[in-house]
Amino acid sequence: MSAETSNANADPGRHPDGKVPAMLAAGLGLQMAGLAVPGTVLIPTVVFRTADQAEPLLLWAVAMSVMICGAVTILQAIRVGRVGAGHILVTGTTGAAIAVSVAALAEGGPALLAVLVVVLSLFQFVFSARLSLFRRILTPTVMGTVIMLTPVTVMPVIFDQLENVPAGSPPSAAPLSALATLLVIAVTVLKAKGPLRLWAPVIGIAAGTLVSGAFGLYDFDRIAKASWVGLPRAQWSGLDLDFGPAFWGLLPAFLFISVVCTIQTISGSIAVQRVAWPTPRAADFRTTQGAVAADGVGNLLSGLAGTMPIGFRPTGTSMIELTGISSRRVGVAYGATVVALAFLPKALAVILAIPGPVVAAFITVTMASIFVIGMKIIVQDGIDYRKGMIVGVAFWVGVGFQNGVVFPEYMTALAGPHLQNGMVAGGIVAIAMTLFTELTKPRRSRVEVGLDVSALNDIRAFLAAFAARNGWDTAMSDRLDAAAEETLLSLIRQDEAEVEPGPRRLLLSARKEDGGAILEFVALTGSGNLQDRLALLGERADENLIGREVSLRLLRHLASWVRHQQYHDTDIVTIRVDVPDRKSRRRT
């Protein structure tokens, strides 16, 4: 705590608990609202217009989406118990849900969409509570592939908006409006520097709107008719609890959307944790669990309100990187601004009046950035021939099913409409291939002991037998023994800092991989992160920490890498130990 406090005092902005001035927080919150609100408004507009829903229903859905997104961003910032990240995590309507939301509205109207979004939120609550159980399935390879397939499923719907113009409009109006939007966004992103780059989508929308206005496409009458203050008349049709064929046909797609939303929030939570502190830190998955839980609350509210799902938007992370201010007060200010905007129909009408071709060009750029985010997730995790095969096969299978070119006569009879969604089809393939890879890895050896020094003898016997089975010599056996001992001692010291007393258990598993050994320690959660402490070695001068640093230095010397994932009630430390080479054996 002392280290955190000193950091906060030295740089009050670059700290989630930083006490930045109220006017500064309000100004940054207003700026983020200018960046994020257009997308939050335009995405549900596209969905409800494409599904030919009535205008009062569209206005209600947009207002509810805006209000819920603002409220959830506040929840993410302030954190209530285990709900919320405690960071600036901007929430908006998710482009990944465009295609499935349109399908739900077309099949069963708002009532069917509402119940499917509620089910989606329940799955997010499950993900949040048991995130550690999904770590072998929701790998970066699977997460990145599913995110890359999101634009594949969305773009057919978006391209329909290119021709969504009033009857009798000049033939060149739609293409010129879309082209102006796309060119201005692209040029601004490619050539602008600093904060101006963040405003590229807004500048592009403004340019496209000006061009469309010259052709008479911009709906000024909508703005004139909108009131200044108030909410649209409630348009709530309840929940469709019949659970008919339409529900079961769309359920798999919505479950995959819950996975996509969860993946985006996990990625966003990890990203914001990396930029929210003066020095980079290892990701705390307890924070990530809170972020996913807050998204679940938001989607539950969205379902009950009869609007589309919401999810993470990267605006807050980009703003932190540019300004160096990560105080959660900025997140609260942004959320309050967006909630207030929901009560200003005329301000929302300015965005709702934007023509379809401009909206299509804007969302095309958004989908392009989502595709790149998926690629980054895959590449940053490190890609080998196995991961490359999973990504390549899953992606192109998804593209094939989305376009109906993979034996459609057989697949439709076999799985009905489930596999017509590219994200569902590709996601299933990625998960199946990942599970196959996991199941065919060398069998794990396991032992369960108490989280106590007295367990060392049992651990040593377990690792000695493991080394013997794999044909390793004494040098490798001793290295495994020493690495396990230092990890156990570090976990015990961390555990001693916890207030809650009581016996704790440790599950140790070991397997051979690529010539080395992977040891995984699963224990109850503690207060610190081994990765952070390994990174800080040599930077602290506190004499009370000398004993602990010696232990951690030994662990860093013995293990090739250390990964520490902290969840609520669970700590997972994974280390890799390579076989010592001959030179190191001679020195020892």
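Residue numbers count from 1 along this sequence.
- Between L250 and A103 the shortest heavy-atom distance is CD2-CB, 3.8 Å.
- Closest approach of T94 and C261 over heavy atoms only: CG2-SG, 4.0 Å.
- For the pair Q76/H87, no side-chain contact is recorded, criterion being any heavy-atom separation below 4.5 Å from C-beta on.
- Proximity of V119 to F247: side-chain heavy atoms (C-beta onward) are separated by under 4.5 Å at one or more points.
- Side-chain contact check for I390 versus T437: some heavy-atom pair is nearer than 4.5 Å.
- The pair R479-D481 fails the salt-bridge criterion, with no side-chain N (NZ, NE, NH1 or NH2) lying under 4.0 Å from an Asp/Glu carboxylate O.
- For the pair L116 and A104, the tightest heavy-atom approach, listed with the atom from each and the gap, is CD1-CB, 4.0 Å.
- For the 3.5 Å distance criterion, the side chains of S445 and R469 qualify, holding a donor opposite an acceptor.
- The structure places CG of L255 at 11.0 Å from CD of Q124, a figure rounded to the nearest 0.5 Å.
- By the side chain to side chain donor-acceptor pair (under 3.5 Å) test, R130 is found to be paired with no residue, residues two or more places apart in sequence or in another chain being considered.
- The side chain to side chain contact (heavy atoms under 4.5 Å, CB included) check on F436 picks up T440, with sequence neighbours excluded.
- In this structure, F395 and F371 have perpendicular ring planes: the angle between them is above 60°, well past the 30° mark.
- Annotation for F123: atom CZ does not count as buried by contact number, only 12 or fewer foreign heavy atoms lying within 6.0 Å.
- Nearest heavy atoms, A294 versus V72: O-CG1, 3.8 Å.
- I518 has its side chain within reach of T574: a pair of non-hydrogen atoms, C-beta onward, lies under 4.5 Å apart.
- Of all heavy-atom pairs between I459 and A484, the closest is CG2-CB, 4.0 Å.
- Listed by chain and residue number, E513 satisfy the side chain to side chain donor-acceptor pair (under 3.5 Å) test with R511 (two or more places apart in sequence, or in another chain).
- By the 4.5 Å heavy-atom criterion applied to side chains, D295 and T91 are counted as neighbours.
- A heavy-atom distance below 4.5 Å is not found between the side chains of L149 and Q402.
- Among residue pairs with one or both ends in residues 440-477, those qualifying as ring pair (Phe, Tyr, Trp, His ring centres under 6.0 Å) are F466-W472; sequence neighbours excluded.
- Side-chain atoms of I137 and V142, non-hydrogen and from C-beta on, never get closer than 4.5 Å to each other.
- Remark: S509 OG to R446 CZ distance equals 6.0 Å, nearest 0.5 Å.
- Shown here are the side chain to side chain contact (heavy atoms under 4.5 Å, CB included) partners of N457, two or more places apart in sequence or in another chain: R460.
- Across all their heavy atoms, I310 and G298 have their closest contact at CD1-CA, 3.6 Å.
- The side-chain heavy atoms of F521 and L506, taken from C-beta on, include a pair separated by under 4.5 Å.
- Under the side chain to side chain donor-acceptor pair (under 3.5 Å) criterion, D452 pairs with S454, sequence neighbours left out.
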